[in-house]
Engineer: 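My questions all concern the structure below.
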Amino acid sequence: MPLAMANTIIQVDHLCKYYQVHQKEPGLIGSLKSFVARKYSDVKAVDDVSFAIDAGEVVGFLGPNGAGKTTTLKVLSGLLYPTRGVARVLDFTPHERRAAFLRNITLVMGQKQQLNWDLPAMDTFLVNAAIYEIPDEQFKKTLAELTELLELTPLLKKQVRKLSLGERMKCELSAALLHRPQVLFLDEPTIGLDVTMQTKIRQFIADYNARYGATIILTSHYMADVTALCKRVIVIDHGKLLYDGDLHALAEKIAPHKLIRVEFSQPLNGQRLAEYGEVVKERGQRAELLIPRDQTSQVAARMLAELPIADVTIEEPPIEDVITRVFEQAARARAERGESDENDNDE
Amino acid sequence: MLIKYAVLLRRSFSAMLEYRAMIFIWMLTNVMPLVMLAVWFSLSEGGPIAGYSQNDFVAYYLLITFVRQMTNVWVIWEIDYEIRHGDFSIKLLHPLNPIHEYIASHITDKFLRLAVMIPLGIFAWIIFPTIHYDLTFTTVTLFLIALVASWLIRFLSQYCFGLLAFWISASTTLNEIWFATSLMLGGIVAPLDLFPANIQLIAKYLPFRYMFAFPVEIVSGRLAQTELINGLAAMLGWLIVSVVVYRWLWRRGLKHFSAFGA
């Protein structure tokens, strides 16, 4: 086990979480069969994952549905205990669920809620203040700050069920942060929200991180959340860690190309674009080409000299494409090793 | 802890007031003891049955209706729903055992029921001025203690069935069987005095009598002193068993839950 750094907040070593899932064929016959003899298969939700996160980091946790993101967050917040390996958060073993641990973390699941549906959010806040033993002064101060950052004033006295999805998420986040946790696990905090609201929540998370120096792990299907908030990303798929490091370095590693967009002043006569690079799109007088990173400037210069160019831009390929490529590469690698895509072993 | 309860009670009061009409309707559905009263009332028209006159039946059933209302428990439906829908996980993130939230909402419910029961009780006294209970300082005190103990046994036993939802999906069905048995052997269908002697004997050792009938028997004036003391001892015994089983299931259940489902 590597020695933990002094300010390491989250330490995960060779973490494994396997589930036994019972399988049932559809229909009545399937039900009867599974009643008589149940078939179980092991699902490796998390399979030998290691990483360490320092105080104050905001880390993006990326992976397709079922990659093991939520399972990892549940292990880290103490809801699940590991099949093998070690998880340490703030020097606690999460699944022991010590009160001192629970008072310093929070897990927000975009799909779940803790607010009482029939009451205004303020009632849940007061209950949480008591449960988390938040001193009166601190409660007032934190609530005032949250109210300012999230514009809660008009929402606090409305019944939760009468709030819009975005308003509810603001209140959920507040309820989860009233005790000022040092560690935040945010599982899809912007799911289902419109772009404006996503931006607001994103800004809020950044503010919270800056204000309290909190350590944050964030999962999201919206890459904009990740690019806006996280310098570092951890990519997992099928329970395995694929990448851990700088978000932009990932782009350079996985997509060793840049994207050149060109607009021509007149139709090309005979010149073949394929000579310059991989043509991704060509329509009318516009085209997009992928050029190897190290040759970008030479190729661009050649194109400017040889083609009737009106406009040119050089960009990083969209991060969504980069991530998609990571998963495609992983799937290919699995196929070459002869593993099934379902990642289970029938017994 | 007191502060936590004060806040939890305040919230569940507000939540329940949102559903005040529903609670009233729920109360009305618990009228089975009154139906049984009507049956025994007409059967005893010709003369006392096993020492119960019409007047005794009225006294018995009115009070057992009260006991049933005041010990009402529904926690299994909440646990079952929350475990299956994952809401239970959210509760586990709080640094407070979830049982306290459920206890708080049940206490709130008792206050609301009491508010309905007291005027109804006065009304019943006006209609049946002849009913009589053995009301001394001792019996009333013991009645109140036994009432709380009955509720605790009912609550904890149902909570334990609820926790079975960590392992099985039929926990509520098992609870229904338990409940039906408790109506039978707890003195709702008929006062236990009306049962054959050997069933009466068994009932004294089973928990069901201590969920409904025993508090009523305390003020009925029918218990000899040794019977009273034995009953209180048995009640305490079942209360301790409930606590021990709950604590064991809770530890095992959480372990299982965090291995498989949370």
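The chains referred to below are lettered A, B, ... by the order of the sequence lines, with proteins before strands, and numbering in each begins at 1.
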Engineer: Would you mind telling me which of A:Asp123, A:Asn116, A:Val127 has the largest number of heavy-atom pairs within less than 4.5 Å of chain B?
Structural biologist: A:Val127
Engineer: Select, from B:Glu18, B:His100, B:His94, the one with the greatest count of heavy-atom pairs under 4.5 Å involving chain A.
Structural biologist: B:His94
Engineer: Is a side-chain N or O of A:Thr215 found less than 3.5 angstrom from the main chain of A:Val183, in a donor-acceptor match?
Structural biologist: no
Engineer: When you measure from the centre of the six-membered ring of A:Tyr81, is the NZ or CZ of A:Lys17 under 6.0 Å away and within 45° of the axis?
Structural biologist: yes
Engineer: At a 4.5 Å cut-off on heavy atoms, which part of A:Asp118 comes close to chain B: side chain, backbone, both, or neither?
Structural biologist: both
Engineer: Going by atom types alone, do A:Ser50 and A:Asp13 pair a side-chain donor with an acceptor below 3.5 Å?
Structural biologist: no
Engineer: Could B:Lys91 and B:Asp87 be called an ion pair, given the rule that one side-chain N must be under 4.0 Å from one carboxylate O?
Structural biologist: no
Engineer: Tell me, for A:Leu126 versus chain B, whether the close heavy atoms (under 4.5 Å) come from the side chain, the backbone, both or neither.
Structural biologist: both
Engineer: Quick one about B:Glu82 and B:Tyr102 (side-chain donor to acceptor, distance below 3.5 Å, no hydrogens or angles considered), yes or no?
Structural biologist: yes
Engineer: Hey, which of A:Glu133, A:Arg97, A:Met109 has the most heavy atom pairs under 4.5 Å with chain B?
Structural biologist: A:Arg97
Engineer: Using heavy-atom distances under 4.5 Å, tell me whether A:Gln111 contacts chain B through its side chain, its backbone, both, or neither.
Structural biologist: neither
Engineer: Please rank A:His95, A:Lys112, A:Arg103 by heavy-atom pairs under 4.5 Å with chain B and give me the top one.
Structural biologist: A:Lys112
Engineer: For B:Ile90, is it the side chain, the backbone, both, or neither that has a heavy atom closer than 4.5 Å to a heavy atom of chain A?
Structural biologist: side chain
Engineer: If you apply the rule ring-ring contact (aromatic ring centres under 6.0 Å, His included), what do you find for B:Phe88 with B:Phe166, and how did you get there?
Structural biologist: CA-CA 11 Å; B:Phe88 203 76; B:Phe166 284 135; 5.7 Å; yes
